[in-house]
Each structure stands twice: as C-alpha cells, then as structure tokens.
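Right, one structure below, let's go through it.
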2 protein chains.
Amino acid sequence: MNNTKQKIIQHSLVLFNENGISKASLRDIAKQADISVGNLQYHFKKREDIVELLYFELVDKLDNITALKTDDILKSFINIGSESITIFYDYRFFFLDFISIIRQHDKIKNHYSELSKHRKDSFLEMIDMLIDHGLFRKEELKGEYQSVYKRIEVISNFWFSSILIQSKTLSKKAIDDYSLVISQSVYPYLTEEGRVHYKRMFNEQVL
Amino acid sequence: MNNTKQKIIQHSLVLFNENGISKASLRDIAKQADISVGNLQYHFKKREDIVELLYFELVDKLDNITALKTDDILKSFINIGSESITIFYDYRFFFLDFISIIRQHDKIKNHYSELSKHRKDSFLEMIDMLIDHGLFRKEELKGEYQSVYKRIEVISNFWFSSILIQSKTLSKKAIDDYSLVISQSVYPYLTEEGRVHYKRMFNEQVL
DNA sequence: AACAAAGTAGTACACTTGTACTAATCAAAA
DNA sequence: TTTTGATTAGTACAAGTGTACTACTTTGTT
C-alpha cells in the first residue's frame, strides 16, 4: 500500500481509538497525518472508505488467528479468545462506535453478521470436541451452548465499551480482565477432569 | 411537568430510539413535536438537557422496580432482571448510544457508575440469600459471583446493541430473548433443588 | 380591564462539516 | 529532455448544526 495511504489509516486509527470516529473530522486526520485535506481526499474519496479499510484490516487479522494447536485443547480454546480480544483492542474504535458504524455501513454490517456465524460454528465445534474429550459436560438445557456463545459474543463485542463506562480510560489491562471473566464463565460447564485442567492453567484458587 | 415540555421529551425519545441521538437535530425534534425551534429552545436551553432529563426518567423507573416479593425467591430474582430490561427497552437509545453519551455527559457517567455499584451489591445480596435457601451453590472460584454479575451487567447494557448488529430492527421480542439467555446463564450455578425450581418456572426441557 | 410573565414563532448568525475544484509539484517513461 | 500521469496543496462552497435574539401571542393575576 502507498506510503501516504498507510500514514492516513495509521493516524486515523489512533484518532478513532482515542475519541471516537465522530470526533475525528477529515481536517483532524489530515493534520495528524501531516498532509493536506486535498491529499487526504485524493486517497479516500469518501470519508467512510477509511473506516471500511480499517474494518477489513481487523477482519484480516482475525482470520489469521491460528488455532495454536497445543495438545491441550482447553488451552487453545481459551487462547483463541485471548487472541481475538487482543486484536479487538487494537481496533477498539470499531467496537466503541459499533452501532453508529453498523447504521452507516451496510457492507460492514452484513460482513460482520456472516463472520459472527462462522465464529459461532467454530465455537460449537470446539465445544463438541471438548465434550468428546471429557472436559466439558453435555448440554443439560436445549440450546445451552448456543446460549453460552451468545453471551460470550455480546461480552466480547462490548467489553471495552463496558470498561469505558466505568473508568476514565482504556488500557491493556482490560484484555486480561476479559480473559478472566470469560474463563470463569466457562468454568461451570467443565467436568471434574476439565476442572483439573482449569486449575492447572490458571493456578486458580479453587475454594 | 409542562405540557409542551412533555411533548418535547416524548417525541425526542421516539426519535432517539429510532435513529440515534446524533441523527435527531433540534429542528427534527421541533418538527416532530409540532412546535418551533425557538419554543424548543425556550424549554431546553441546551440540547443535552433533553438527554439528561430522559436519563433521569429512566433512572426513576428503575428505582421503582419493587422486588415483587413472591415467596419464590428465585422467581423474584429472575423477575427483577426482566423488569429492568423492559425499562431499558423503552429507553434503548441510551444503551445504543451509550459510549457517545458517556463521553459527553460526565454527570450521567458518574451517576450510572454509582447506580451500577448499587445494582451489583443488591445482586450479590440476593445471591447470598439464594445460597442460604439452598438454591444456588456456593462459590467455587474466588470472586465467582462478582464475575457472574459483571457478565450480566455487560449483557444487559449492550443487549439491544447486540441484537441490532445482526438484525434490521429492534422489537420487543428482544426482551424475551434476553430473559432466556440470562436465566440460562444462571442455571449452572443452581443446586439440585434450584434446578427443580428452574424447571417449574420455565417448563424448560431438561435433557 | 390592564398588565406582567410565560410561552411561542421566526429569523439570523457563526461555526463545522464533507467535498468539489483548480493549480502546482513530482516521478517516471518515452 | 519532454511529456504524461500521479500526487499534493490550497481554496471555495453548500449544507447542516446549535443557538442567540427579537417580536408576537397567550395566560393568569390584580
């Protein structure tokens, strides 16, 4: 990608993450990237093109999460979550402005919808494997693990928003907090054997 | 409250809920309420005053959730959640624009922060009661129920946002979906006796 | 009836925004 | 070297926004 173009999206990302998309005017971005507004417009015909490009950058990075095939399947299950949220953090503007973006970009909306479906399928597949390995218990309610996924989905999409509501700023600590909350949310579904693994992984103090 | 003022906030709420705060200009609101912009400005010096007033309306309604002291304590536990989310729905603009509101209104941010703390305390008290009654199991991880609350908090705050990401519009069905997801999220913490109650309440098909 | 206060309408202004447009500069190929 | 196309800067404009301001109308009190 062009050097200038690179500079633009790089600085856009910073501005977006800091104060939200709506607070970053084209003039702000141009100034930050140390180029003229005319130049900015030359590279991005429409303002929203920047957002789209950043979104698909995010998607790319998510696609490249390798399952990290450890022999410990529970560990890689948890790892995928951690890696995802780490990428989310880098593009947090997207999640902080989720609704307004979705309302404006049908393309992004549709794409993310599809992406979520895939992620859900992968999740459920992984759960099946974990059940087969005797680490997770079987479903006791109808659609129980779908419901588990739904919860994790909401929490991951809006974790940073949730943090920002209560604290002044957002830091990388939010990533670890997320991992803790998610792993704890999964704990009750573990079998005896699964809990042994869990304990080993987190050195969690089981009461 | 004044009749005109009432009309303003009523129509503001509709517009806000439909397309988000940022898409509702003062002229839009005035037009919708069938008054002049001048008149609108007479009643609300600053645009943000409307938002604040609506927010405190929401808070008022939340305060008035009576515990509905059924003899069934599990039922009233679930009921509080349902009633909350029903009120949330009426003021959904607030949750759909959560971050931008928070960024703009320190007053609201601080207030909601406090409110959340109270809600958390109430939640944990209720859990203690449920444990005492033998319906919930004891904590097995450190801060386990705090983590449960955190999850419920995020999900309730961003449930409607989450729905809107995937579907075209928002309907009251979202309320029931929420109740299902939340009750399922609590199920694994129930004791044997608790699960009997649960089954009775929801006629849930336990596999 | 008179009058003060509250309520209402309409206009105007200053500011910001996205973006269209033109001219200047640069890079590279012929 | 010339020339062509890509890149950059700067200016201008139209639209929309919040809000200040003035004048008119209604209401209620004395």
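First the proteins, then the strands, lettered A, B, ... as listed; each starts at 1. Worth saying up front: this structure is predicted, and the values here are computed from it rather than measured.
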task: Within residues 16-36 of chain B, find the residues that approach DNA chain C with a heavy atom at under 4.0 Å, and present them sorted by residue number.
output: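 Those residues are B:Arg27, B:Ile35, B:Ser36.
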message: Can you see whether A:Glu144 engages B:Tyr187 through a side-chain donor-acceptor pair at a distance of less than 3.5 angstrom?
response: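 On atom types as modelled, these side chains do not qualify, holding no pair under 3.5 Å.
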- request: Scan side-chain atoms only and decide if B:Tyr55 and B:His111 contain a donor-acceptor pair under the 3.5 Å cut-off.
  value: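 Distance-only check passes for B:Tyr55 and B:His111.
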- request: If a pair satisfies side-chain hydrogen bond (donor to acceptor under 3.5 Å, both in side chains) and one of its residues is in residues 16-26 of chain B, list it, with sequence neighbours excluded.
  value: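 side-chain hydrogen bond (donor to acceptor under 3.5 Å, both in side chains) check on residues 16-26 of chain B returns B:Ser25-B:Asp28.
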- prompt: Reckon A:Asn39 has a side-chain N or O less than 4.0 Å from the OP1 or OP2 of D:dT7?
  reply: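 For D:dT7, OP1/OP2 do not have a side-chain N/O of A:Asn39 under 4.0 Å.
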field: A:Tyr42 side chain near D:dT8 phosphate (N/O to OP1/OP2, under 4.0 Å)
entry: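 Checking D:dT8 against A:Tyr42, no side-chain N or O comes under 4.0 Å of OP1 or OP2.
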message: I'd like the 5' and 3' limits of the part of DNA chain C contacted by chain A, with heavy-atom contacts below 4.0 Å.
response: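 For DNA chain C, the relevant span reads C:dT17 to C:dA20.
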- prompt: Parallel, tilted or perpendicular for B:Phe98 and B:Phe158, by the 30°/60° rule?
  reply: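 Rings of B:Phe98 and B:Phe158: tilted, as their planes differ by 30° to 60°.
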field: side-chain contact (heavy atoms from CB on, under 4.5 Å) partners of B:Asp49, counting only residues at least two apart
entry: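 Once residues adjacent in sequence are excluded, the partners of B:Asp49 under the side-chain contact (heavy atoms from CB on, under 4.5 Å) criterion are B:Phe44, B:Lys45, B:Lys46.
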side-chain contact (heavy atoms from CB on, under 4.5 Å) partners of A:Asn39, counting only residues at least two apart: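 A:Thr4, A:Ile35, A:Ser36, A:Tyr42, A:His43.
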message: I'd like to know if A:Lys107 pairs up with A:Glu48 as an ion pair, taking the criterion as any Lys NZ or Arg NE/NH1/NH2 lying under 4.0 Å from an Asp or Glu carboxylate oxygen.
response: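 Salt bridge between A:Lys107 and A:Glu48, a charged N being under 4.0 Å from a carboxylate O: no.
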field: ring-ring contact (aromatic ring centres under 6.0 Å, His included) against B:Tyr189, all qualifying residues, sequence neighbours excluded
entry: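 Testing B:Tyr189 for ring-ring contact (aromatic ring centres under 6.0 Å, His included), a comparison that skips the adjacent residues, returns B:Tyr145.
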d([atom1], [X]; [atom2], [N]) in whole Å:
X       : N      : atom1 : atom2 : answer
A:Phe44 : D:dT8  : CZ    : P     : 12 Å
A:Gln41 : D:dA9  : CD    : C1'   : 13 Å
B:Leu40 : D:dT19 : CG    : C1'   : 11 Å

message: Need to verify one output field. Residue with the more 5' nearest nucleotide on DNA chain C, B:Val37 or A:Val37?
response: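 The 5'-side residue here is B:Val37.
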